[in-house]
Q: 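Dropping the structure in here first, questions after.
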There are 2 protein chains.
Amino acid sequence: MNIGQAAEQSGVSAKMIRYYEQIGLINPPLRTDSNYRVYGPDEVHVLRFIKRSRTLGFSVEETSALLGLWQDRSRASAEVRDIASGHITALETKIAELQGMVKTLSHLVHCCAGDNRPDCPILDDLAGRPAIKGH
Amino acid sequence: MNIGQAAEQSGVSAKMIRYYEQIGLINPPLRTDSNYRVYGPDEVHVLRFIKRSRTLGFSVEETSALLGLWQDRSRASAEVRDIASGHITALETKIAELQGMVKTLSHLVHCCAGDNRPDCPILDDLAGRPAIKGH
DNA sequence: CCTTGACCTTACCATGATAGGAAGGTCCAT
DNA sequence: ATGGACCTTCCTATCATGGTAAGGTCAAGG
């Protein structure tokens, strides 16, 4: 199977497959006489693993660690769980940050009549002036 | 005031001040005879505006739009509100995505005994095999 | 057999926002 | 006058991905 088919079957673009090979995340595949990369079902399986891991928000580096544990027969389940737990913590921190932003912005938007008067609580806040109190 | 003081007072690094100037987000300041950038309180105020906007998650491009509206005397409050509202929507979409990731991962982590047995539901999920049902 | 079009190859450039460093000039206090 | 703290420009890197260009390959159909 050529790289195009492997890309289609795995959901990873051909571009990214070559990139993953270049950075050592996946092993270089066999080549045909005409230098085409050749992939089999196992390689596609690995690519799908990577795709899923990336979709779940793991970095390429974390994905690399997970991939190593997956392919290691004497893998430690606890180690995988720790990576995932750490990732959950990071995600929750990020979520809290974003929620803080939404809260601030929602407050400002609700204070903003949206007419064309020149005073705007959102801009006033960005400019460092205190927002209008009491809703 | 030199760039170092402006950086300190605004919370924007000197590096980023020069970058913002380069991409046209801020105007080039006056220079001394020895080619040093010179800033005054107004410029610091603009930098603080930018800093706050970036902290609230607006991109540099959105920040540029907000800055233009802030500095425009005939600014339309409604336009600012629309930018902020769109940003809130984008943030909420992102939050929902992250929460989805956390949910999936939490489920997997809770299915994972964390001992050293070789079967690991997290890896199994990443590999595309169905997770153990019924928790 | 030859052309056409779809595929593959490598190599380079771009993104967005930020940080780091090198090499050299400037300013101020000792 | 010297040293150290600051400034200048220019180059590099990050992370993951997309694009493009120039050229080689393959299969199908005329």
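Throughout, protein chains are lettered first and strands after them, A, B, ... in sequence-line order, and every chain is numbered starting at 1.
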Q: Starting at the 5' end of DNA chain C and moving along, which residue's nearest nucleotide shows up first, Lys15(A) or Gly4(A)?
A: Gly4(A)
Q: When the distance from CD1 of Ile17(A) to P of dC7(C) is rounded to whole Å, what number comes out?
A: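 Rounded to the whole Å, the gap is 14 Å.
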Q: In whole angstrom, what separates Met1(A)'s CE from dC7(C)'s C1'?
A: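 So the CE-C1' distance, Met1(A) to dC7(C), works out to 15 Å.
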Q: How close or far is atom P of dA14(C) from atom OH of Tyr19(A), stated in whole angstroms?
A: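 Answer to the nearest Å: 18 Å.
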Q: Are side-chain heavy atoms of Glu92(B) and Ile88(B) found at a separation under 4.5 Å?
A: yes
Q: When the distance from CD of Gln22(A) to C1' of dT9(C) is rounded to whole Å, what number comes out?
A: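 After rounding, the reported distance stands at 14 Å.
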Q: Please check if atom CD in Gln5(A) has more than 12 non-hydrogen atoms from other residues, nucleotides or ligands closer than 6.0 Å.
A: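 Yes.
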Q: Using a cut-off of strictly less than 4.0 Å, decide whether Arg18(A) has a side-chain nitrogen or oxygen near OP1 or OP2 of dA11(C).
A: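 No.
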Q: Under a 4.5 Å cut-off applied to non-hydrogen side-chain atoms, are Gln9(A) and Met1(A) in contact?
A: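 Sidechains of Met1(A) and Gln9(A): in contact.
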Q: Rounded to whole angstrom units, what separation is found between the CD atom of Glu21(B) and the P atom of dT9(D)?
A: 7 Å
Q: Heavy atom of residues 27-39 of chain B under 4.0 Å from DNA chain C: which residues?
A: Ser34(B), Tyr36(B)
Q: Would Arg54(A) and Val12(A) count as a side-chain contact (heavy atoms from CB on, under 4.5 Å) if you check the C-alpha gap in whole Å, the side-chain angles of each, and the deciding distance to 0.1 Å?
A: CA-CA 10 Å; Arg54(A) 298 283 302 118; Val12(A) 180; over 6 Å; no
Q: Tell me the interatomic distance from Ile23(B), atom CD1, to dA14(C), atom C1', rounded to whole angstroms.
A: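 After rounding, the reported distance stands at 15 Å.
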Q: Does Ser59(A) or Gln5(B) map to a spot on DNA chain D nearer the 5' end, using the closest nucleotide for each?
A: Gln5(B)
Q: Crowded around Glu61(B) CD? As in, over 12 foreign heavy atoms under 6.0 Å?
A: no
Q: Would you kindly give the CD1-to-P distance between Ile26(A) and dA16(D), to the nearest whole Å?
A: 14 Å
Q: Please determine, for the side chain of Met16(A), which listed nucleotide (dC7(D), dC10(D), dG18(D)) has the closest atom?
A: dG18(D)
Q: Starting at atom CG of Asn2(A), determine the distance to atom P of dT25(D), rounded to an integer number of angstrom.
A: 14 Å
Q: Report the nucleotide, chosen from dG18(D), dA16(D), dT18(C), that has the shortest atom-to-atom distance to any side-chain atom of Ser13(A).
A: dG18(D)
Q: Applying side-chain contact (heavy atoms from CB on, under 4.5 Å), run through Leu98(A) and Leu98(B) and close with a yes or a no.
A: CA-CA 10 Å; Leu98(A) 295 177; Leu98(B) 295 178; 3.8 Å; yes
Q: Counting only heavy atoms from other residues, nucleotides and ligands, does the tally under 6.0 Å from CD of Glu8(A) exceed 12?
A: no
